[in-house]
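Here the structure comes first, spelled out in C-alpha cells, and everything after it is commentary.
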Amino acid sequence: MANTPTPHNKAQLGDIAKTVLMPGDPLRAKYIADTYLEDPVCFNTVRNMLGYTGTYKGKKISVMGSGMGMPSIGIYSYELYNFYDVDNIIRIGSAGAIQDEVELMDVVIGMGACTDSNYAHQYNLPGTFAPIGTYGLLEKAVQAAREQGTTVKVGNVLSSDVFYDADETAFDRWRSMGVMAIEMEAAALYMNAAKARKNALCILTISDHLYRHEGLSAEERQVGFGKMMEIALELA
Ligand code: HPA
C-alpha cells in the first residue's frame, strides 16, 4: 500500500519539493508562501496544517507548518522524509534566550539541540544521542547570513517538552552549559533526519529573554522574522 496521502497530509508524492521550510504556525506558512514564493500551490489542509509548494529564485521549495512541540514536528517531518522523498527540512521559529550575550532579535542557529524529552527512547541506543544540524546546511546558512550582513549566533539550543516548567531552576543548569536559547522542536527534527539519513537545520529568532524578562513588539518580530527568512530561503 502506498504511504501517501497520510492521515495527516493529503499531498500526493511529487507535490512537495526536496526542501521544506517549517515554521510552527501554519498561518506563518501561508504568509511565507504568499509573500516570498512564486505560484504557490496549497498541498495540505488536514488539521489546518497548511503546506504550499512554489518557487523561489527559480528553485522549487515548499513551506509547511510543524505545529508546536516534538510530537507534532515529529509526525510531520517523519512523513516528509520517509514518505514524500523530502531531503532537507529547515525549521524556522522563535526561541527564548538564556545567555546574557544573546539579545532580542538575534538570529540563532542550533548546531546542536539538547533536550529534556524522551524522544530518543524509541531508538533503544546504548547511550545518549547528540542531535545535530546538518553541517552542509549550516555552512550554507552561515555563508548566506554573512553575504546579507546578518550576524548569526551558532551553538547549542534546548528543545524542551515544557513551556511552563514546574522546575523554575531548570534554565539555570542549561545556561551553565552554554546553551543559548530554548525552543520546542529542533531535537526531534534532528533525530528524524539522522534516522532517515536526511538533512535538517533549525534557524531561530530570539523573541524573548528569560532572564531579562524582555519580549519583542509585533513590529520587531516582523523585522527579525525577515532576516531569518532571507537566510532560510537561500537553502532551497
Ligand atoms: N520556551 C520555549 N519555546 C519558546 C520560548 C520559550 O521561552 N520562546 C519562544 N519559543
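In each ligand, atom 1 is the first atom listed, and ligand 1 is the first ligand listed.
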Classify the ring geometry between Phe225 and Tyr31 as parallel (under 30°), tilted (30 to 60°) or perpendicular (over 60°).
tilted
Besides Val102, the hydrophobic cluster formed by Ile, Leu, Val, Met, Phe, Trp and Tyr side chains linked at under 4.5 Å, directly or via other members, contains Leu104, Met105, Val108, Val157, Met180, Leu204, Ile206, Leu216, Val223
Before accepting this row, confirm whether a basic side-chain N of the pair Asp39/Lys60 lies closer than 4.0 Å to the acidic partner's carboxylate O.
no
Roughly how far, to the nearest 0.5 Å, is OG1 of Thr45 from CG of Asn9?
9.5 Å
Residue shell for ligand 1, any heavy atom closer than 4.0 Å, reads Ser94, Ala95, Gly96, Phe163, Ile182, Glu183, Met184, Ser207, Asp208, Leu210
Side chains of Glu147 and Gln143: do they bring a donor and an acceptor to under 3.5 Å?
yes
Distance alone, cut at 3.5 Å: any donor-acceptor contact between the side chains of Asn192 and Tyr119?
yes
